[in-house]
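Atoms within a ligand are numbered from 1 in the order they appear, just like the ligands themselves.
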Amino acid sequence: MKIFDLHGKVAIVTGSSRGIGRSIAEQLALAGAAVVISSRKADACETVAASIRAAGGQALAIAANISEKAQLEHLVGATRRAFGTIDILVCNAATNPYYGPTAEMTDAVFEKVMHNNVLSSIWLANLVRPDMAARRDGAIILVSSVGGLHGSAVIGTYNVSKAADMQLARNLAVEWGPENIRVNCIAPGVIRTDFARAIHEDPKVRSMLEKELPLRRIGEPEDIGGIAVMLASAAGRYMTGQTIVADGGAMIR
Ligand SMILES: NC(=O)c1ccc[n+]([C@@H]2O[C@H](COP(=O)([O-])OP(=O)(O)OC[C@H]3O[C@@H](n4cnc5c(N)ncnc54)[C@H](OP(=O)(O)O)[C@@H]3O)[C@@H](O)[C@H]2O)c1
């Protein structure tokens with residue numbers, strides 16, 4: 001048995017038009033899964049889906065804004081209609097609209113961050129659960145962050161949401177383990193995507209950070225995709241409720 005194999009599996013990856021989500025979708029497809037590429041922009045999703053199909057994979061673009069429950073219901077419904085079922089869910093898209101002290105944060109900002117980064121993942125997980133429970137097999141992956149493991153004076157609210165991902169994974173792992181649904185997090189460190197532009201586009205900030213990293217470089221989106229394959233496949237079948245950190249060694253210093 002090839003334990004990293006995903007042939008016959010169907011995966012939804014939110015925020016997969018670029019960055020970490022795209023890397024995850026591409027690696028799941030290379031391992032054999034049919035993947036649904038999703039973000040707010042249909043064109044960008046179609047470009048990624050087309051490139052996966054051109055490489056011999058199976059991919060479909062379905063746009064959805066994670067903040068809208070009805071759009072997530074459509075995402076899951078349209079996936080079922082196209083591929084029959086859902087075996088793998090990757091909640092990757094997230095929002096970070098606020099940089100600054102907690103004392104100055106508005107309620108609206110807090111609610112938006114928790115809505116997009118936590119509540120939307122709960123909606124999606126609940127939507128795919130019946131498919132997974134029916135076959136007693138499923139893998140849910142939440143893309144958290146090392147930010148959820150330490151304090152911050154700048155992105156503290158975002159970090160609250162990323163710590164919540166880790167707890168959500170533990171809760172769902174306990175609740176749905178008897179149905180053989182596994183729920184885990186990936187916690188990346190700084191990865192060179194649009195999301196982390198403020199860090200990697202400033203040469204001073206970047207080199208200061210890289211000097212401190214045991215691996216001496218910030219991450220690339222491609223550093224994360226393979227971890228999702230492990231968590232989604234039989235290779236990760238006895239793992240649930242966990243958070244895998246992939247940060248170039250930042251957290252162990
Ligand atoms: N980059 C890092 O250093 C880093 C570190 C730790 C954790 N993370 C986490 O990794 C995940 C992905 O981040 P990334 O760095 O890959 O970001 P990115 O390159 O900016 O990509 C974000 C993706 O999410 C989509 N998206 C954004 N808002 C959305 C919404 N409301 N509804 C649906 N899709 C939405 C974007 O497409 P559209 O604009 O078309 O919607 C895009 O596909 C996030 O959960 C982030 O917290 C990133």
Side-chain angles (χ1 to χ4, degrees), residues 12-27 35-49 51 61-76 89-99 111-121 123-124 141-150 152 154-166 168-169 185-202 205-206 209-210 213 217-225 227-228 243-248 250-251:
I12 294 175
V13 185
T14 66
S16 44
S17 64
R18 59 177 192 265
I20 292 169
R22 179 174 184 161
S23 162
I24 290 174
E26 288 175 341
Q27 289 304 320
V35 293
V36 172
I37 306 299
S38 190
S39 85
R40 289 166 299 186
K41 299 187 191 97
D43 289 0
C45 294
E46 186 45 44
T47 303
V48 175
S51 110
I62 305 173
N65 187 334
I66 53 162
S67 64
E68 301 291 334
K69 197 175 199 175
Q71 293 190 28
L72 296 181
E73 286 166 353
H74 175 260
L75 171 63
V76 170
L89 167 68
V90 183
C91 296
N92 165 74
T95 300
N96 184 20
Y98 178 69
Y99 295 81
E111 280 162 10
K112 180 171 184 171
V113 171
M114 295 304 285
H115 181 102
N116 279 7
N117 298 3
V118 185
L119 183 59
S120 80
S121 298
W123 287 339
L124 268 173
I141 299 166
L142 310 177
V143 177
S144 173
S145 167
V146 291
L149 294 168
H150 60 75
S152 170
V154 181
I155 53 166
T157 303
Y158 166 80
N159 286 1
V160 168
S161 76
K162 292 294 164 175
D165 281 338
M166 297 176 196
L168 178 60
C185 287
I186 300 173
V190 176
I191 307 293
R192 195 170 58 85
T193 69
D194 292 350
F195 204 79
R197 255 202 188 127
I199 297 171
H200 62 78
E201 282 188 350
D202 182 331
V205 175
R206 180 170 173 168
L209 175 71
E210 289 186 322
L213 287 174
R217 63 172 181 88
I218 63 165
E220 298 295 326
E222 294 70 28
D223 294 325
I224 305 300
I227 300 167
T243 296
I244 298 183
V245 171
D247 66 348
M251 289 300 297

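Under 4.0 Å is where a charged nitrogen must lie from a carboxylate oxygen, and between Glu26 and Arg22 at least one such pair does.
For the pair Thr95 and ligand 1, the shortest N or O to N or O distance does not fall below 3.5 Å. Any N or O atom pair closer than 3.5 Å counts here, and Ile66 shares at least one such pair with ligand 1. Between Ile20 and ligand 1, at least one pair of N/O atoms sits closer than 3.5 Å. Residue contacts with ligand 1: Ile191 is placed with a nitrogen or oxygen under 3.5 Å of a nitrogen or oxygen of the ligand (distance criterion only). On a distance-only criterion, Asn116 and ligand 1 share no N/O pair closer than 3.5 Å. Close N/O approach between Ser67 and ligand 1 is not found [any backbone or side-chain N/O within under 3.5 Å].
Listed by number with element, the atoms of ligand 1 under 4.0 angstrom from any heavy atom of Val190 are 3 (O). When each atom of ligand 1 is checked for a heavy atom of Gly19 under 4.0 Å away, the hits are 16 (O), 19 (O). With ligand atoms numbered from 1 in the order given, ligand 1 contributes 44 (C), 45 (O), 46 (C), 47 (O) to contacts under 4.0 Å with heavy atoms of Lys162. Counting the atoms of ligand 1 from 1 in the order shown, those under 4.0 Å from a heavy atom of Ala64 are 32 (N), 33 (C). Within ligand 1, the atoms closer than 4.0 Å to a non-hydrogen atom of Ser39 are 34 (N), 37 (O), 38 (P), 40 (O), 41 (O), 43 (O), numbered from 1 in the order shown. Each of the atoms 38 (P), 39 (O), 40 (O) of ligand 1 lies under 4.0 Å from some heavy atom of Lys41. Under a 4.0 Å criterion applied to the non-hydrogen atoms of Asp194, ligand 1 contributes the atoms 19 (O), 20 (O).
Among protein heavy atoms, the minimum distance from atom 26 (N) of ligand 1 is reached at Ala93 CB, 3.9 Å. Summary of contacts: the protein heavy atom closest to atom 31 (N) of ligand 1 is Asn65 OD1, 2.9 Å. In terms of protein heavy-atom proximity, atom 1 (N) of ligand 1 is nearest to Thr193 OG1, 3.0 Å. Distance from atom 45 (O) of ligand 1 to its nearest protein heavy atom, with residue and atom name: Asn92 O, 2.6 Å. Nearest non-hydrogen protein atom to atom 46 (C) of ligand 1 is Tyr158 OH, 3.5 Å. At the top of the distance list for atom 25 (C) of ligand 1, counting protein heavy atoms only, stands Gly15 CA, 3.5 Å. Closest to atom 39 (O) of ligand 1, if we only count protein heavy atoms, is Arg40 NH2, 2.9 Å. In this structure, atom 17 (O) of ligand 1 lies nearest to the protein heavy atom Phe195 CB, 3.3 Å.
The closest side-chain heavy-atom distance from Ile141 to Ile24 is not below 4.5 Å. Between Arg192 and Arg206, the closest side-chain pair of non-hydrogen atoms falls below 4.5 Å. Side-chain contact between Val35 and Ser16: absent, with no pair of heavy atoms (C-beta onward) separated by less than 4.5 Å. Counting heavy atoms from C-beta on, the side chains of Leu124 and Leu75 come closer than 4.5 Å. Taking the side chain as every heavy atom from C-beta outward, Met114 and Val160 approach each other to under 4.5 Å.
Atom CG of Asn96 sits about 8.0 Å away from atom CG of Asn159, to the nearest 0.5 Å.
Proximity of Arg192 to ligand 1 is not established, as no heavy-atom distance is less than 4.0 Å. At least one heavy atom of Gly189 sits less than 4.0 Å from an atom of ligand 1.
Checking Asn117, Val143, Val146, Leu72 against atom 10 (O) of ligand 1, the nearest heavy atom belongs to Val143. Ranked by closest heavy atom to atom 9 (C) of ligand 1, the top entry among Ser144, Ala94, Ser145 is Ser144.
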Checking Trp123 against Glu68 for the side-chain contact (heavy atoms from CB on, under 4.5 Å) test, could you report, in this order, the C-alpha distance in whole Å, the side-chain angles of both residues, the deciding distance, and whether it holds? CA-CA 10 Å; Trp123 287 339; Glu68 301 291 334; over 6 Å; no
